Amino acid sequence: MSVGIAVEFCVHITHAFSVSSGDKNQRMKEALATMGASVFSGIMLTKLVGVIVLCFSRTEVFVVYFFQMYLALVLLGFLHGLVFLPVVLSVFGPPSRCVLVEKQEDRPSISAQQ
């Protein structure tokens with residue numbers, strides 16, 4: 001379960017980083033601008049609301065083994081996805097996969113060559 005949560009937080013940022021163009025810092029800024037809010041509100045807040053409900057349980061088993069453990073997983077996944085991963089990708093990330101396409105106006109036409 002912890003691996004699934006970690007992947008869920010990291011894969012959106014990583015994909016946005018890999019499909020953007022520019023240098024690593026520009027790509028990371030774009031990835032955080034496009035996907036950061038979605039990861040925070042769509043994943044973090046929904047999981048946090050689900051976990052907070054377990055805090056009010058009267059059974060200690062639910063509080064210790066579900067609330068505390070799941071809260072720790074969500075917080076660590078969030079920190080890795082939106083704090084640690086952007087730093088690692090901006091320093092050690094792969095080069096951009098985007099290829100610049102030449103404009104048709106810059107290329108000589110076939111009729112001009114003859």
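Nothing here was measured: the structure is a model prediction, and the numbers come from that model.
There is a path of hydrophobic side-chain contacts, each under 4.5 Å, that joins Leu48 to Phe66. Note on Val3 and Phe9: separate hydrophobic clusters, where clusters join Ile, Leu, Val, Met, Phe, Trp and Tyr whose side-chain heavy atoms are under 4.5 Å apart, directly or indirectly.
Counting heavy atoms of neighbouring residues, nucleotides and ligands inside a 6.0 Å radius, atom NZ of Lys24 exceeds 12 of them.
A donor-acceptor pair under 3.5 Å links the side-chain atoms of Arg27 to the main chain of Phe17, judged by distance alone. A side-chain donor-acceptor contact under 3.5 Å links Ser96 to the backbone of Ser20.
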Pairs under 3.5 angstrom only: tabulate donor-acceptor contacts from the side chains of residues 68-95 to other protein residues two or more places apart or in another chain.
| from | atom 1 | to | atom 2 | distance (Å) |
| --- | --- | --- | --- | --- |
| Ser90 | OG | Pro86 | O | 3.1 |
| Ser90 | OG | Val87 | O | 3.0 |

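Among pairs with a residue in residues 43-67, those fulfilling side chain to side chain donor-acceptor pair (under 3.5 Å) read Glu8-Lys47, at least two apart in sequence or across chains.
Summarising the geometry, atom CD1 belonging to Ile5 is positioned 11.0 Å from atom CE belonging to Met44; distances are rounded to the nearest 0.5 Å.
Using a 4.5 Å heavy-atom cutoff, the side chains of Val39 and Ile13 are in contact.
Listed here is the closest heavy atom pair of Leu54 and Phe67: CB-CB, 3.9 Å. When all heavy atoms of Ser41 and Leu45 are compared, the pair lying nearest together is O-CB, 3.6 Å.
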